[in-house]
Amino acid sequence: MTSLQESKIGFIGGGNMASAIIGGLTSKGVSKTNIIVSEPWDVNREKLTSTGVQTTTSNATAGADANIVIIAVKPQVTKSVCEELGASWGGRATLPVVVSIAAGITLDSLQGWTKTSDGRTPHVVRVMPNTPALVGEGASGAFAGVGVTEQDKELVNALLESVSKATEWVDREELLDVVTGLSGSGPAYFFAMVEHLVASATSLGLSKEQATRLATQTCLGAGKMLVESKDEPSQLRKNVTSPNGTTFAALQTFEKEGFKEIVDKAVTAATERAAELGKKA
């Protein structure tokens, strides 16, 4: 089995998420000479070239010799990109593992679009990363298509570990929509929470700068406790909630205003929207 460090990795698309993964890979010892990125926009391509990786405007060139090909383009151009790749792979003895981070594009579509002229289909993995990958703290969901081997999964795991601290493989493709509603969209929920915490504290007299520093560090510290503690989130909540104390008063307000139901409706709405987008693709 080819290790990640030995693999040739082709990126189709060089946007923020691709750049984050590239940075993570090189920090893990993957040689920049083994990475090639196809990017049509001059500004993005020049920025990537300055980091030392190979760049091109040709998708076929980026995928020609790669062991792993990462589809990191917008959903609306995924079909044309995949069909171009499939057409270019007809003469290859061994097809690459295809990893798609294109939101909502189903495995059936990806496998159909990347089929070669001689009827072969590459092993395809769908991945749903999230934006904390940009700072090496991502959480990703993954689903393996037909024929994906344990060795393929190990390679994808190693790839994702460069930017994700948690990678969860789901056993049904539709569960990637739930991953989207939870961790894919989840960072925005926390940003909104901090936004409102800051606004509330500011209205009560703190400066915006003070409130922002206190709120952001509180979230960082609480997140670290969640990651490092063996306790369930519910127990951590109980640990900081004294009977009839300040936290108790705040949580009682949350409960009275239907906080649980609000969160449930939000995650469900994001999950259902992800499913809708997948059907339109």
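Predicted, not measured: the structure shown is a model, and the values here were computed from it. One is the number of the first residue; the rest follow in order along the sequence.
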Under a plain distance cut-off of 3.5 Å, with no hydrogens placed, do [Y] and [X] share a side-chain donor-acceptor pair?
{"X": "D152", "Y": "T149", "value": "yes"}
{"X": "T33", "Y": "S31", "value": "yes"}
{"X": "N239", "Y": "Q235", "value": "yes"}
{"X": "T106", "Y": "D108", "value": "no"}
{"X": "T268", "Y": "T271", "value": "no"}
{"X": "T55", "Y": "T49", "value": "yes"}

Residue pair [X] / [Y], side-chain heavy-atom distance below 4.5 Å:
{"X": "P233", "Y": "L226", "value": "yes"}
{"X": "N16", "Y": "L134", "value": "yes"}
{"X": "L159", "Y": "L4", "value": "yes"}
{"X": "N59", "Y": "S38", "value": "yes"}
{"X": "Q54", "Y": "V37", "value": "no"}
{"X": "N34", "Y": "S7", "value": "no"}
{"X": "Y189", "Y": "V267", "value": "yes"}
{"X": "W113", "Y": "V124", "value": "no"}

[Y] backbone acceptor or donor facing [X] side chain under 3.5 Å:
{"X": "S207", "Y": "Q210", "value": "yes"}
{"X": "T61", "Y": "T57", "value": "no"}
{"X": "S3", "Y": "E6", "value": "yes"}
{"X": "N67", "Y": "P96", "value": "no"}
{"X": "H123", "Y": "V97", "value": "no"}
{"X": "T253", "Y": "A249", "value": "yes"}
{"X": "K153", "Y": "V148", "value": "no"}

query: Is any NZ, NE, NH1 or NH2 atom of the basic residue among E173 and R126 found under 4.0 Å from an Asp or Glu carboxylate oxygen of the other?
result: yes
field: Test side-chain contact (heavy atoms from CB on, under 4.5 Å) applied to T216 and V198, step by step
entry: CA-CA 9 Å; T216 54; V198 169; over 6 Å; no
Roughly how far, to the nearest 0.5 Å, is [atom2] of [Y] from [atom1] of [X]?
{"X": "R92", "Y": "D118", "atom1": "CZ", "atom2": "CG", "value": "12.0 Å"}
{"X": "R120", "Y": "W89", "atom1": "CZ", "atom2": "CH2", "value": "10.5 Å"}
{"X": "Q252", "Y": "T241", "atom1": "CD", "atom2": "OG1", "value": "10.0 Å"}
{"X": "T180", "Y": "N130", "atom1": "OG1", "atom2": "CG", "value": "10.0 Å"}
{"X": "L277", "Y": "R273", "atom1": "CG", "atom2": "CZ", "value": "4.0 Å"}
{"X": "I12", "Y": "S58", "atom1": "CD1", "atom2": "OG", "value": "8.0 Å"}

Shortest non-hydrogen contact between [X] and [Y], atoms and distance:
{"X": "G24", "Y": "S27", "value": "O-OG, 2.7 Å"}
{"X": "G136", "Y": "K165", "value": "O-CE, 3.5 Å"}
{"X": "A18", "Y": "G13", "value": "CB-O, 3.3 Å"}
{"X": "A270", "Y": "S185", "value": "CB-OG, 4.1 Å"}
{"X": "A142", "Y": "L176", "value": "N-CD2, 3.9 Å"}
{"X": "L95", "Y": "P122", "value": "CD1-N, 3.6 Å"}

field: Verdict with supporting geometry, E209 and T212, side-chain hydrogen bond (donor to acceptor under 3.5 Å, both in side chains)
entry: CA-CA 5 Å; E209 293 74 15; T212 300; over 6 Å; no
Are [X] and [Y] linked, directly or through other ILVMFWY residues, by side chains that come within less than 4.5 angstrom of each other?
{"X": "L48", "Y": "W41", "answer": "no"}
{"X": "V30", "Y": "V163", "answer": "yes"}
{"X": "V170", "Y": "L107", "answer": "yes"}
{"X": "L85", "Y": "V77", "answer": "yes"}
{"X": "W169", "Y": "L160", "answer": "yes"}

task: Could you please spell out the steps behind the side-chain contact (heavy atoms from CB on, under 4.5 Å) verdict for L251 and R237?
output: CA-CA 10 Å; L251 292 177; R237 171 181 55 77; 3.9 Å; yes
task: Could you please spell out the steps behind the side-chain contact (heavy atoms from CB on, under 4.5 Å) verdict for V127 and S100?
output: CA-CA 6 Å; V127 172; S100 172; over 6 Å; no
task: Take F11 and L25 through the side-chain contact (heavy atoms from CB on, under 4.5 Å) test and state the conclusion after the steps.
output: CA-CA 12 Å; F11 284 82; L25 290 172; 3.8 Å; yes
